[in-house]
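Quick note on labels: first sequence line is chain A, next is B, and so on, each numbered from 1.
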Number of protein chains: 2
Amino acid sequence: MDDRSHTAATASDALEVLSAPYAPLRETETGPRSLSDVAYARFIDALFDRRITPGATLSQADLVRILDVPLAPLRDALRVLQTEGLLTIHARSGIALAKPDFGMIRNTYQLRAILERAAIRSFAEIAEIGLIGELTDCAEAVIVAVQGQEISAAGAQAVERIDFGFHMRVVACLQNPLIQTTYRQAHSFDRLIRLDRAFRLSAPLVVRTMIEHLDILAACARRDANVAEAALEVHFARAMQRAMGCA
Amino acid sequence: MDDRSHTAATASDALEVLSAPYAPLRETETGPRSLSDVAYARFIDALFDRRITPGATLSQADLVRILDVPLAPLRDALRVLQTEGLLTIHARSGIALAKPDFGMIRNTYQLRAILERAAIRSFAEIAEIGLIGELTDCAEAVIVAVQGQEISAAGAQAVERIDFGFHMRVVACLQNPLIQTTYRQAHSFDRLIRLDRAFRLSAPLVVRTMIEHLDILAACARRDANVAEAALEVHFARAMQRAMGCA
DNA sequence: TTCGAGACTCTGATATATCAGTTGTCATGG
DNA sequence: CCATGACAACTGATATATCAGAGTCTCGAA
């Protein structure tokens, strides 16, 4: 037992280390400077920590208490979150949080697929071989790390980060801030979806995902945009099925 | 002279009438209910009425005076406009409005092209023949209406609305609110670009644009997605060139 | 079932605090 | 004596907190 828990810890650590390089991708800014940004970040965190549940309606006062931010910055953040589609402000009757449904899943994956299908062609053609190799090594290392292990919460987060990092790198290759912002937005929808549907990671699932990544990367390494695009389409179709809980 | 101004007026009227059916597409809501929405709308209007100039930096107080809205709702609106990329809020040093440059043009048209290329395939395959016919008739009517005329300001607006209506209908066919919102956002960038680059409509230009629309629609009527996509790509390439002022 | 009162909630306004940018002055070096 | 640099106070703008107002939902009673 000791042995097993030890290896599990090692695997988790390995995942942490692997995902470390992706950390900078997440923080586009040096850090939140206004309370509005803090409120926004706290809201997202609270959402993904399940401290506020999707689909619920709650008041601004509730959020002030939960997030521990003043009212005005919270209002600013709520307005932004509304334009992003994560909630709806019903005047004088509360904040309605978005509840992921099948329509939302479809919309999110459709948008992601459209953007990334365009990006993968560029990526396959112009991405530096070094970057492709790096991502490949990382995916392979993940497979080794999770092989036959239970995935801890921290490990799941690390896998999340690696998965997102891969996709974001692909999209980043278009060098288009508009698209990156949109993609990031779609990604937070995606996180919300997986969260709500009690989506749990398992080692075989992670392995399957990483193998799909490797398929895509292999095509990119061969500079074969068509195959890369096809592999990406397969990846998205399967990811959507997984998100829908038909994995 | 009388005769000419008379026909010009007629042409303008014709454009107004033609664009009328597209009006409902613009207002997604029944109307602004909160002052924040008013502030947002006023800002956009002021931008496109050139009452505030792109690239300038101004203070919240200035905007309160110009837009004639209270401070708090304005702040809400500014926060949204910042996430949309139309401005940057510099803490305690003013609001920097986005200035369209070549990078922005490229980014906007790239995003629009990616989204619409995906949409046109659906459109070609599933759009109702009646709708395609309607759009075709409209484009043809525009050509007749502007033929050899000077384009008035009202006429230009009408053409704008028709052009946007066509593209929006195509995108709407995906029935994906996320994509529609993103597209709408990109469109307001597009408007900003055309505005800044002193982009003026001329009759031959409108005619060329409408002919490109007709090419696309013809392919859609034949249910030929590949040709439609190709025609759309040509349209976007030319539209970008036009926006860059190389028309 | 319907109507009314009350409480609760969001919205908009105002005052205060904090912070970035600027300008002026003083000291030091040439 | 003049020029240049740094430092400090000031100005103006934004951020935050608090408060009043208006609308809506709910609960209870007729």
Per-nucleotide protein contact string for nucleotides 6-11 of chain C (B base, S sugar-phosphate only, - none; heavy atom under 4.0 Å): ---SSB

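- Note: CZ (R65(B)) to P (dT14(D)) measures 11 Å, nearest angstrom.
- Atom CG of residue L74(B) and atom CD1 of residue I66(B) lie 10.0 Å apart, to the nearest 0.5 angstrom.
- For R92(B), there are no salt bridge (Lys or Arg N to Asp or Glu O under 4.0 Å) partners two or more places apart in sequence or in a different chain.
- Nucleotide dT14(D) holds its P atom 16 Å from the CG atom of D37(A), rounded to whole Å.
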Derivation of the salt bridge (Lys or Arg N to Asp or Glu O under 4.0 Å) call for R242(B) and D163(B): CA-CA 14 Å; R242(B) 286 193 282 264; D163(B) 181 71; over 6 Å; no

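- For H235(A), the ring-ring contact (aromatic ring centres under 6.0 Å, His included) criterion is met by H167(A), H213(A), not counting sequence neighbours.
- Note that R112(B) lies in the cation-pi zone of Y109(B), set by a 6.0 Å cut-off to the ring centre and a 45° limit from the axis.
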